[in-house]
Amino acid sequence: MAEALRIGIAGLGTVGASVARVLSEKAAELTRQCGREIVVTAVSARDRTRDRGVDLGGAKWFDDPAELARSADIDVFVELIGGDDGPARACVKAALEAGRHVVTANKALLARHGVLLAEIAEKKGVLLNYEAAVAGGIPVIKTMREAMAGNSVSRVFGILNGTCNYILTRMEAEGLSFDACLKDAQRLGYAEADPTFDIEGHDTAHKLAILTSLAFGCRISADDIYMEGISNISQADIRAAGELGYRIKLLGVAQITESGIEQRVHPTMVPTASVIAQVHGVTNAVAIETDILGELLLSGPGAGGNATASAVVGDIADIAKSRPGFQHGPVFGRPAKELKPYKRARMRSHEGGYFIRLTVHDRVGVFAAVAKRMADNEISLESIVQHAAEPEAGTAKTVILVTHETTEAAVRKAVDGITKDGHLTDKPQVIRIERAG
C-alpha cells in the first residue's frame with residue numbers, strides 16, 4: 001500500500017471540524033477506496049482550546065497558517081480560512097509554491113485570484129481542487145472539468161445561494177415578508193448576522209464567475225457581472241408571479257453570445273412547471289446546456305458543514321488516488337495560460353421578456369401614459385393589468401406589465417420616463433423572466 005497522504009487543515013470552523021471528523025470516522029472506508037491512508041497530521045486555527053467534537057490530539061498545531069502551508073509534514077494543504085485576500089491568499093500561494101496540493105472551499109479567493117493560483121499549481125505540477133467552492137456538495141466542478149469532454153457549453157445557470165432560496169421559498173409558501181424570513185434564516189444559521197454578501201448577490205456572483213471560466217475557457221472576471229439582490233422582493237411580487245404562472249428565484253446566469261459572454265445575477269421569474277422552479281429551501285441547482293449532452297441539471301445540498309465537508313473530502317480522495325508522475329488536468333479545464341481574455345457581451349434582447357410592477361396614482365390618463373412610454377421605447381407588451389394596490393398604498397393602483405423580448409436599456413429608459421412623469425407612488429420593480437428547463 002502507498003504511503004499515507006498527510007493532510008494539513010487551516011481553519012477549524014464548522015466546515016473544517018466537519019472535514020476532520022469525516023476523515024476520522026470514515027478512515028477505513030477511505031483507505032479501501034483510495035488505496036492509502038488519509039491522515040490529518042497538522043492543523044491551524046485561532047483558538048486551540050475550543051471543543052470541535054473531534055480528537056485532534058495527534059495533529060501538530062500551527063499558530064501561523066502560512067507556516068503550516070509550507071510545512072514538509074503535509075502533502076495536502078486544506079484552506080478553510082475564508083476571505084479573498086489576506087491569510088487565505090498568502091497560505092494557498094505559499095502551499096502551491098512549496099509543491100503542496102491544495103483543496104479549498106473559498107469561492108471569493110478563486111473569483112479574485114484563481115487564474116494566478118492555477119498558473120502556480122500547473123507550473124509546480126500539483127492539484128488545486130475546489131469542488132466545495134461552488135454549490136456545496138453538488139459535484140458540478142468535477143462534472144464540468146472531467147465528465148463533459150467534447151461538449152461545448154452555451155449556457156450555465158442556477159440557484160447558487162441557499163440563503164436566498166430559503167427566503168424566497170418561505171415568502172411564497174407562508175406569505176411572510178422578506179424581513180421576517182431573513183430574521184428566521186439568521187436564527188436557523190442559514191444567514192450571517194450581516195447577510196449582505198448573500199442577499200445582495202455577491203456570493204452567487206463569485207460562484208458564477210468560476211463556472212463561467214470552466215464553461216467558456218475564459219479568464220475569471222467577477223467584476224464584470226451584472227448584479228441585483230433580493231432585498232427589494234415583496235409579497236406583491238411573489239403573488240403577481242404566482243398569478244402569472246411563475247416563481248421567483250435568485251439565479252446566476254452565464255451564456256455565450258455572438259459578441260462575447262454575458263454574466264448576470266438577479267431575481268428571476270421562472271415558469272412554475274420548470275424543474276428549477278421546484279428547487280426549494282437551502283437546496284442549490286446548476287443547469288448546464290451543451291451541444292452534445294443537451295441540458296443537465298444537478299441539484300442538492302448547497303451549504304452547511306456536512307455538504308461542504310463532503311465536497312472537500314472528495315477532493316482530498318481524488319488526490320489520494322493520484323500517483324507520482326501522473327499528469328494532472330488543468331485547474332479550469334484548460335491550461336491557465338491558455339484561458340482566453342474575458343470579453344463582455346454587448347447589450348442585447350432578453351429572450352424571456354420582463355415583469356414590471358408599477359404602483360401609480362389612481363387618476364385619469366396614467367394607464368395610457370404608461371402604455372405610451374412603452375411604445376415610445378419600442379417595447380411590445382404581452383399583457384398589461386391594473387388592479388388595486390396593497391392596502392397600505394391607499395388610493396394608488398398597481399399596474400403589472402409583462403413584455404415580449406426587449407433590451408434592458410429600453411426597459412430602464414421607459415421606467416425612468418414613467419418615474420419622471422410623476423405617475424409613481426413607490427419605487428418600480430423590474431424582474432427578468434427566464435426560459436428554464
**Report entry** Glu37 side chain to Thr31 backbone, donor-acceptor under 3.5 Å
**Finding:** no
Report task. For the pair Glu243 and Arg239, evaluate salt bridge (Lys or Arg N to Asp or Glu O under 4.0 Å) and give the outcome as yes or no after the intermediate values. Result -> CA-CA 6 Å; Glu243 291 168 4; Arg239 285 196 295 272; 5.8 Å; no
Report task. Indicate yes or no for a side-chain donor-acceptor contact from Thr169 to the backbone of Gly281 under 3.5 Å, with no hydrogens or angles considered. Result -> yes
Query raised in the report: Can you list the steps and then say if Phe332 with Phe216 is a ring-ring contact (aromatic ring centres under 6.0 Å, His included)?
Result: CA-CA 10 Å; Phe332 292 105; Phe216 307 123; over 10 Å; no
Query raised in the report: Quick check: does any side chain N or O of Ser213 sit under 3.5 Å from a backbone N or O of Ile210, one acting as donor and the other as acceptor?
Result: no
Report summary line: Ser380 meets the side-chain contact (heavy atoms from CB on, under 4.5 Å) criterion, sequence neighbours left out, with His404
Query raised in the report: Just wondering, are more than 12 heavy atoms of other shown residues or ligands nearer than 6.0 Å to NZ in Lys321?
Result: yes
Query - Set of side-chain contact (heavy atoms from CB on, under 4.5 Å) partners for Glu25, sequence neighbours left out - result: Arg21
Query raised in the report: Given the rule in the side chain to side chain donor-acceptor pair (under 3.5 Å) test, do Asp179 and Ser177 qualify, once you have shown the distances and angles that lead to the verdict?
Result: CA-CA 5 Å; Asp179 289 337; Ser177 69; 5.4 Å; no
Query raised in the report: Should the heavy atoms of other residues, nucleotides or ligands under 6.0 Å from CZ of Arg48 be counted, would the total exceed 12?
Result: yes
Requested in this report: May I ask you to say whether Asp315 pairs ionically with Lys142, meaning some side-chain N is under 4.0 Å from a carboxylate O?
Outcome: no
Query raised in the report: For the residue pair Phe197 and His202, does the interplanar ring angle fall in the parallel (under 30°), tilted (30 to 60°) or perpendicular (over 60°) class?
Result: parallel
Query raised in the report: Strictly by modelled atom types, are Ser154 and Gln255 linked by a side-chain donor-acceptor pair under 3.5 Å?
Result: no
Requested in this report: Verify whether one side chain among Asp416 and Thr419 offers a donor that lies under 3.5 Å from an acceptor in the other.
Outcome: no
Query raised in the report: Do Gln263 and Thr212 meet the criterion of a side-chain donor-acceptor pair at a distance under 3.5 Å?
Result: yes
Query raised in the report: Should we count CD of Glu146 as having more than 12 external heavy atoms under 6.0 Å?
Result: yes
Requested in this report: Among residues two or more places apart or on two chains, list those pairs meeting ring pair (Phe, Tyr, Trp, His ring centres under 6.0 Å) that have a residue in residues 268-311.
Outcome: none
Query - Aromatic Phe157 / basic Arg155 pairing, under 6.0 angstrom, 45° off normal - result: yes
**Report entry** Asp198 (side chain) donor-acceptor with Thr163 (main chain) under 3.5 angstrom
**Finding:** no
Query raised in the report: Can you tell me if CD on Glu378 sees more than 12 non-hydrogen neighbours from other groups inside 6.0 Å?
Result: no
